Amino acid sequence: MAKVIVVTSGKGGVGKTTTSASVATGLAKRGHKTVVIDFDVGLRNLDLIMGCERRVVYDFINVIQGEANLKQSLIRDKRLANLDILPASQTRDKDALSLDAVGKVLDELRTTHDYIICDSPAGIESGAITALYYADEALVVTNPEVSSVRDSDRILGILSSKSKRAEDGGEPIKEHLLITRYNPTRVKIGEMLSIEDIQDLLGINLVGVVPESESVLQASNAGVPVIHDDTSVSGMAYHDIVGRILGEDLAMRFLEPEKRGFLKRLFGT
Amino acid sequence: MDTMGADIPNVSQQQLPITDSPPVVLKGSVFTLSVLKLYSCDINAIEQELTTRLSSALDFFKNAPVILDLENVQSQSSVLDFTNLTNIIRKCKLIPVGICNGSKEQTEGATSAGLAVLTSQSFDKIVKEKNIKDDKAKASSTQAEVNAPNSTVFVADTTKVIHHPIRSGQRVYAKGGDLILLAAVNAGAEIMADGNIHIYAPLRGRALAGLDGNEHARIFCHSFEAELVAIAGNYRVFEDNVPADLYKKSVQIYLSGEQLNIDTLGT
């Protein structure tokens, strides 16, 4: 049974697209046929982070409006054979995504893929609602700061009231809290909200913590999802998150400040 | 009963307490009675049926009071002989105490035979009417943005119980009654009730009780971290967080005059 997972946050710039790219890649790496869809019409970024922006011919809007079929617009990932990308349009209007049409596309993808990752735009406008409407599970990406936590709370309220599952009165969407840009050193000196604070405020299950790391920016600029970087803590954190989404019981890592060795302290970095 | 009597000696010697209370008091009470439904006015047929039926369960029904339900024979033209009927029923070791659902003539006949007349509403009918009332109450209760039909349970017609957290931007209103929350009210959320509000979790958002002007309404919460509280329009905003001595405490909020009081609970 295919699963639709929305990556959402309310607030912008917290790491939704980075998370979508890495989680989709991680699921594909473990052998699950996965597709990642960019719902951010007009501000498409996913293809950049996945490193396939020059291969976009048809996009999600073309499929919705019947100008292309799904097969034509799905872009096969250059590293993984069982990962597809459905890019957003850069030129179209945001309102081009209608709920019914999106539902039809998702139904078609459910027959061919195991996991469908929906990369939501920021905000709580129709684009974000469309991205989360058909979700079975939700990854709520949150930074350790008050405004991000507040926006995540807002989006959690929308998940439980405006999604299809809420409207049908069925089983609620499974919600996962995913904290990104976490800096244990700054948490320790009280400059950032701790994991406990965030969990206390949002009251949902923690699926993982991605520490703040330079490798995320480098990977984004290079068009390689950070999960491919096995040497970075962010890459390892995303590996753990994918494991937990698949039901593995893994201990949380990278929550304590990195211990700097004597030589490192002496000579800097 | 006999064995119990034997265990208590000198019962007869026990003195009755001398009191000023009157010798009898008339009080209302509810008992469960068996109902004997009549489907025929044929006395002989009734006797035959009763005898065969009760011979197998004689002890259970022995001297049980029964009500005769005439619903199914009230339109029959043949006259019921109540004196004869009660004799037969008594012979079967049942005590007829009254009738219900009889026609005008039947009711008169029963009264002259010394039977009480009861007004009865069948149980099915009562349940059905209650359900209709419940549905109406459900339909009229408004719920602003929250749309989770499964998590709202109606304890009474007007009390609203919510099991899921109320999140930023959501509003819940218990019209004409109390609101009970079993999960947190987060910052930026708003909960309102015409009656009292109970929160068995942190209150971080806004809570407005006595919305229709009820000055006796109160707010109770498990962990007080609110942005705003109000009772019957008298409100208090906590711009710089709640006072330190109340922060995360269990409190009740009530009105005396126009003064909004916040007291800690259980200390």
Side-chain angles (χ1 to χ4, degrees), chain A residues 6 8-11 14 99 122-126 128-129 132-133 135 138 140-177 190 193-194 196-206, chain B residues 135 138-139 141-154 160-173 179 181-192 199-207 221-228 238-242 247-250:
Chain A
V6 62
T8 185
S9 71
K11 192 171 160 59
V14 294
L99 267 188
I124 51 168
E125 310 293 314
S126 65
I129 308 268
L132 65 81
Y133 187 74
V140 179
V141 183
T142 307
N143 287 171
E145 52 158 312
V146 175
S147 62
S148 177
V149 174
R150 179 70 65 89
D151 289 359
S152 294
D153 192 46
R154 186 86 170 88
I155 220 70
L156 282 165
I158 291 170
L159 280 169
S160 64
S161 63
K162 291 194 173 165
S163 61
K164 186 167 193 302
R165 286 192 174 210
E167 282 179 2
D168 294 351
E171 199 188 327
I173 292 176
K174 196 172 172 190
E175 302 155 337
H176 306 277
L177 174 63
L193 291 176
S194 70
E196 291 73 31
D197 289 341
I198 301 170
Q199 271 197 291
D200 188 36
L201 286 166
L202 294 180
I204 59 170
N205 270 336
L206 182 67
Chain B
D135 287 346
K138 276 181 196 174
S141 72
T142 52
Q143 203 176 3
E145 227 180 277
V146 179
N147 192 7
N150 285 336
S151 51
T152 310
V153 185
F154 287 81
K160 190 175 258 185
V161 183
I162 291 180
H163 297 264
H164 57 80
I166 308 300
R167 301 190 178 275
S168 177
Q170 293 185 311
R171 300 170 86 201
V172 177
Y173 176 31
L179 181 58
L181 293 122
L182 298 161
V185 179
N186 280 352
E190 198 169 60
I191 55 168
M192 298 164 287
I199 308 142
Y200 300 98
L203 168 62
R204 304 189 180 106
R206 297 160 172 247
C221 83
H222 193 64
S223 177
F224 186 57
E225 305 160 45
E227 293 173 335
L228 176 148
F238 301 98
E239 214 172 299
D240 302 311
N241 215 335
V242 301
Y247 185 63
K248 291 198 175 177
K249 294 275 163 45
S250 296

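As a basis for the values below, the full set of heavy atoms in this structure was taken, side chains included, without hydrogen atoms, waters or symmetry mates. What you are looking at is a predicted structure, and each value in this text was computed from that prediction instead of being measured. Naming: A, B, ... by sequence-line order, numbering from 1 per chain.
No part of B:Ala184 comes within reach of chain A, as not one of its non-hydrogen atoms sits under 4.5 angstrom from that chain. There is no contact between A:Leu159 and chain B, counting heavy-atom distances below 4.5 Å.
Partner B:Asn186 forms a side chain to side chain contact (heavy atoms under 4.5 Å, CB included) with one of A:Val149, A:Leu201, A:Asp153 and no other, that one being A:Asp153.
Here the straight-line distance linking atom OG of A:Ser160 with atom CZ of B:Arg167 works out to 6.5 Å at 0.5 Å rounding.
Under the rule for a ring pair (Phe, Tyr, Trp, His ring centres under 6.0 Å), B:Tyr200 has no partner lying at least two apart in sequence or in another chain. A:Asp200 pairs by the salt bridge (Lys or Arg N to Asp or Glu O under 4.0 Å) definition with B:Arg204, not counting sequence neighbours.
The nearest pair of heavy atoms linking B:Ser168 to A:Arg150 is OG-CD, 3.5 Å.
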